[in-house]
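Encoded as structure tokens, the structure appears first; notes follow it.
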Amino acid sequence: MYLCYLDESGTGQTLNPAVSDSVPVMVIGGFTVPESQVQGLAWDFLELKKRFRPELRKLPTLTQLVHHEIKGEALRKSFRRDGRNQRRMAHGFLDNLIGILERRDSTVMARIWVKQDGVRNDEPAMYAAAVTTLCSTFEHYLAERSSSGIAVLDSRNPHDNKGNVHCVTTRRFSMGEDRLPHLPESPVFGHSNTHIGLQIADLLVSAILAPAAAVTYAADLCAVNVHCHPGYHKVRERHCPRIGKLQHRYPAVTGKWTGGVVVSDARGHESAAKLFAPTVAARNDERTHIGVPGQPSPRNAATAYPAPSPAP
């Protein structure tokens with residue numbers, strides 16, 4: 001069995017180039033992991049959290065360590081800062097995160113929407129189309145392995161949740177052949193502060209794919225838009241080549257390759273290949289992995305005391 005964790009970054013709101021924080025891209029994506037690797041992936045990530053934030057080693061319970069999230073938005077802020085050490089730490093964190101995905105036999109998939117200036121977008125339709133596409137990619141991946149899987153989406157609100165997966169439910173139960181036979185259930189929902197896989201999906205989408213896509217496909221906005229900050233070029237240069245190698249790509253019935261990271265670029269009509277094309281190599285002095293010598297295993301974190309009981 002395989003798990004697929006999906007999260008989003010950005011919105012479908014109309015892009016206004018005159019507004020500095022108007023979002024130029026919307027990204028829905030995540031990763032797959034074999035059931036046999038889920039526990040190892042979780043412990044790897046908890047250890048990485050503690051290496052990146054040493055103060056987390058002092059938390060008395062494992063529950064608190066899991067609940068404490070390191071958000072992709074926070075890493076994006078580090079990439080925009082002048083302090084070199086902050087940028088190096090953030091890049092080092094992502095280096096290690098991708099290393100976890102590589103070791104744990106994970107694959108990456110995403111749907112990226114690049115918006116046109118001033119054009120109204122149908123966000124619910126975009127999100128639903130992305131989920132359908134990603135589940136189809138997941139289905140192909142599972143079929144190749146004669147296996148089954150469950151997709152877990154980051155919960156938004158009941159109204160949005162229903163619309164986001166209804167299209168998948170109808171593909172499974174409509175008259176005729178089930179087009180997703182290796183997914184025994186429609187995508188389910190979880191909360192990122194209790195699902196380690198969703199925390200990783202957030203970082204993958206919000207700290208790597210979204211900023212890298214913004215500077216790749218909306219580079220003309222870099223001078224005025226915070227989401228296209230020049231610091232994000234290093235994100236693309238350093239991390240996207242490794243992400244590209246983790247994609248599950250396959251030929252569709254038309255003969256055209258699909259799967260992995262799919263880009264719908266309404267702005268410049270560029271393909272996903274541009275996101276993963278080789279660029280100037282990152283400087284060696286910034287390719288520093290983070291770590292704390294003698295760091296104990298996360299299994300030793302916060303086990304001395306039980307998790308606090310819920311408030312009455």
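In this text the structure is predicted, and so the values were computed from the model without any measurement.
In this structure, the separation between OG on Ser148 and NE2 on His182 is 8.5 Å, given to the nearest 0.5 Å. Rounding to the nearest 0.5 Å places NE2 of His233 at 8.5 Å from SG of Cys228. Between the CD1 atom of Ile98 and the CG atom of Leu246 there is a distance of 7.5 Å, given to the nearest 0.5 Å. The CD atom of Glu185 sits 11.5 Å away from atom CG of Leu180, with the distance rounded to the nearest 0.5 Å. To the nearest 0.5 angstrom, Arg104 atom CZ is 5.0 Å from Gln37 atom CD. Atom CG in Leu198 sits 9.5 Å away from atom OG in Ser155 (nearest 0.5 Å).
Asp117 is listed as a side-chain neighbour of Arg267, based on a closest heavy-atom distance under 4.5 Å. You'll find the side chain of Arg145 reaches within 4.5 Å of the side chain of Tyr2, heavy atoms only. In this structure the side chain of Leu75 reaches within 4.5 angstrom of the side chain of Phe52, judged on heavy atoms. In this structure the side chain of Glu8 never reaches within 4.5 angstrom of the side chain of Val27, judged on heavy atoms. No side-chain heavy atom of Val33 sits under 4.5 Å from any side-chain heavy atom of Ile200. Ile28 has its side chain out of reach of Met126: every pair of non-hydrogen atoms, C-beta onward, lies at least 4.5 Å apart. In this structure, Arg57 and Leu65 have side chains that are not in contact, with every pair of non-hydrogen atoms separated by 4.5 Å or more. At a threshold of 4.5 Å between non-hydrogen side-chain atoms, the residues Ile112 and Leu275 count as touching.
The closest donor-acceptor contact from the side chain of Tyr217 to the backbone of Ser271 lies under 3.5 Å. Asp21 places no side-chain N or O within donor-acceptor distance of the main-chain N or O of Val19, the cut-off being under 3.5 Å. For Arg76 (side chain) and Ser206 (main-chain N/O), a donor-acceptor pair under 3.5 Å exists by modelled atom type. Proximity of a side-chain donor or acceptor of Asp154 to a complementary backbone N or O of Asp7 within less than 3.5 Å is not detected. Without hydrogens or angle criteria, Gln247 side chain to Gly244 main chain gives a donor-acceptor distance under 3.5 Å. With hydrogens and angles disregarded, a donor-acceptor distance shorter than 3.5 Å links the side chain of His229 to the backbone of Gly231. With hydrogens and angles ignored, the 3.5 Å screen pairs a side-chain donor or acceptor of Lys115 with a backbone N or O of Thr11. Under a 3.5 Å cut-off, the side chain of Gln116 and the backbone N or O of Ala266 do form a donor-acceptor pair. Judged purely by atom type and a 3.5 angstrom limit, Asp265 has no side-chain atom pairing as donor or acceptor with the backbone of Val114. Between the side chain of Asn121 and the backbone N or O of Glu123, no donor-acceptor pair lies under 3.5 Å.
At least one test fails for Arg81 against the ring of Phe79: distance under 6.0 Å to the centre or angle within 45° of the axis.
Of all non-hydrogen atoms in Ile243 and Leu204, the two that sit nearest each other are CD1-CD1, 3.5 Å. Residues Pro24 and His227 come closest through the heavy atom pair CD-CB, 3.6 Å. Minimum heavy-atom separation, Tyr250 to Gly259: CE2-CA, 3.8 Å. Residues Val188 and Ile150 share a closest heavy-atom pair of CG2-CG2, 4.0 Å. Contact between Ala277 and Arg236 at its shortest, heavy atoms only, is O-NH2, 3.9 Å. In plain terms, the two heavy atoms of Ala210 and Ser9 that are nearest each other are CB-OG, 3.5 Å.
Environment of CZ in Arg120: sparse, with no more than 12 heavy atoms of neighbouring residues, nucleotides or ligands closer than 6.0 Å. The neighbour count for Asp82 CG, taken as heavy atoms of other residues, nucleotides or ligands under 6.0 Å away, does not exceed 12. Heavy-atom contacts from other residues, nucleotides or ligands closer than 6.0 Å to CD of Gln13 number 12 or fewer.
Linking ILVMFWY side-chain heavy atoms closer than 4.5 Å, directly or via other members, places Val262 and Tyr5 in two distinct hydrophobic clusters. Cluster membership for Leu221 and Val215, using ILVMFWY side-chain heavy atoms within less than 4.5 angstrom, is not shared. When the side chains of ILVMFWY residues are joined at heavy-atom separations under 4.5 Å, either directly or via intervening members, Trp43 and Leu56 end up in a single hydrophobic cluster. Leu48 and Leu46 fall within a single hydrophobic cluster, where Ile, Leu, Val, Met, Phe, Trp and Tyr side chains are chained together by heavy-atom contacts under 4.5 Å. Two different hydrophobic clusters hold Leu15 and Val224 under the rule that ILVMFWY side chains link at heavy-atom gaps under 4.5 Å.
Between Glu237 and Lys234 there is a salt bridge, with a side-chain nitrogen of the basic residue lying less than 4.0 Å from a carboxylate oxygen of the acidic one.
Looking at Ser136 and Glu139, their side chains never bring a donor and an acceptor atom within 3.5 Å of each other. In summary, the side chains of Arg111 and Thr133 do present a donor paired with an acceptor at a separation below 3.5 Å, with no hydrogens or angles considered. Side-chain contact, Lys49 with Gln199: a donor N or O sits under 3.5 Å from an acceptor N or O. Side chains of Glu69 and Ser192: a donor on one and an acceptor on the other come within 3.5 Å. If you check the side chains of Ser106 and Thr32, you find no donor sitting under 3.5 Å from an acceptor.
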Residue pair Leu183, Cys135: steps toward the side chain to side chain contact (heavy atoms under 4.5 Å, CB included) verdict | CA-CA 8 Å; Leu183 275 69; Cys135 284; 4.2 Å; yes
Can you list the steps and then say if Phe31 with Leu41 is a side chain to side chain contact (heavy atoms under 4.5 Å, CB included)?
-> CA-CA 12 Å; Phe31 70 101; Leu41 176 136; 3.9 Å; yes
From CA spacing to verdict: side chain to side chain contact (heavy atoms under 4.5 Å, CB included), Met109, His248 = CA-CA 7 Å; Met109 61 181 74; His248 173 67; 5.8 Å; no
May I have the step-by-step check of side chain to side chain contact (heavy atoms under 4.5 Å, CB included) for Tyr232 and Arg80, ending in yes or no?
-> CA-CA 8 Å; Tyr232 295 163; Arg80 297 197 299 267; 2.6 Å; yes
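The six-membered or imidazole ring of His91 lies near that of His239, with a centre-to-centre distance under 6.0 Å.
Phe93 and Phe45 have perpendicular rings, their planes meeting at more than 60° on a 0 to 90° scale where under 30° would count as parallel.
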